[in-house]
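Since this is a predicted model, take the numbers as computed values, not measurements.
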Amino acid sequence: MVDVQSSKVNGKPGSPLRGFTGQAAEVASDAIELLELQVALTRADARDALQGLVRPIAGLLLGICITLAALPVLLLGIAGSIAYAFDLDAWQAQVGLGIATVGAGAVTLYLATHMLTRSTNVFRRSTDELRQNLHWLKSIFRDA
């Protein structure tokens with residue numbers, strides 16, 4: 001709680017403003033220190049987020065490149081084998097295999113998207129800490 005009562009200076013009563021000024025300076029100093037800590041926490045969260053994004057993005061890029069390079073040849077070969085083994089026309093085997101491939105690709109994209117979403121949740125820590133710091137500052141000024 002702010003104490004604006006002053007003590008005597010040189011035998012005369014001091015200004016009540018002097019006590020308030022000192023306490024305001026302390027509050028400002030605490031606020032600046034909290035800001036510095038908040039910036040450091042946000043910087044650490046950003047570093048964690050980037051580290052968490054490296055693997056999912058690398059996995060996405062690698063999976064896309066491999067699939068695009070090998071998929072047409074592989075699928076045509078498998079479709080030919082299915083057509084031969086089950087006495088189907090080539091187009092029937094190719095359509096069936098194409099549908100199965102699209103399903104596998106959709107599952108892969110879903111899992112990669114889920115990993116990306118989880119890796120960006122680290123900023124919640126900074127947000128919660130900033131909210132608590134602002135609440136503390138408001139309470140100080142409210143009680144003054």
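The CG atom of L34 sits 5.5 Å away from the CH2 atom of W136 when rounded to the nearest 0.5 Å. Remark: Q94 CD to L88 CG distance equals 11.0 Å, nearest 0.5 Å.
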Name every donor-acceptor pair, under 3.5 Å, that has one atom in a side chain of residues 96-108 and the other anywhere in the protein, sequence neighbours excluded.
from, atom 1, to, atom 2, distance (Å)
T101, OG1, L97, O, 2.8
T108, OG1, A104, O, 3.0

List the atom pairs, donor and acceptor, that lie under 3.5 Å between side-chain atoms in residues 65-82 and the rest of the protein, sequence neighbours left out.
from, atom 1, to, atom 2, distance (Å)
T67, OG1, G63, O, 2.7
S81, OG, G77, O, 3.1

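Looking at Q92, its side chain does come within 3.5 Å of a backbone N or O of D89 through a donor-acceptor pair.
When the side-chain contact (heavy atoms from CB on, under 4.5 Å) test is applied to I57, the partners found at least two apart in sequence or on another chain are L53, L61, L116. For Q38, the side chain to side chain donor-acceptor pair (under 3.5 Å) partners at least two apart in sequence or on another chain are N133. For R55, the side-chain contact (heavy atoms from CB on, under 4.5 Å) criterion is met by no residue, not counting sequence neighbours. A search for side chain to side chain donor-acceptor pair (under 3.5 Å) contacts involving D128 returns R131, not counting sequence neighbours.
With a 4.5 Å cut-off on side-chain heavy atoms, L130 and L134 count as touching.
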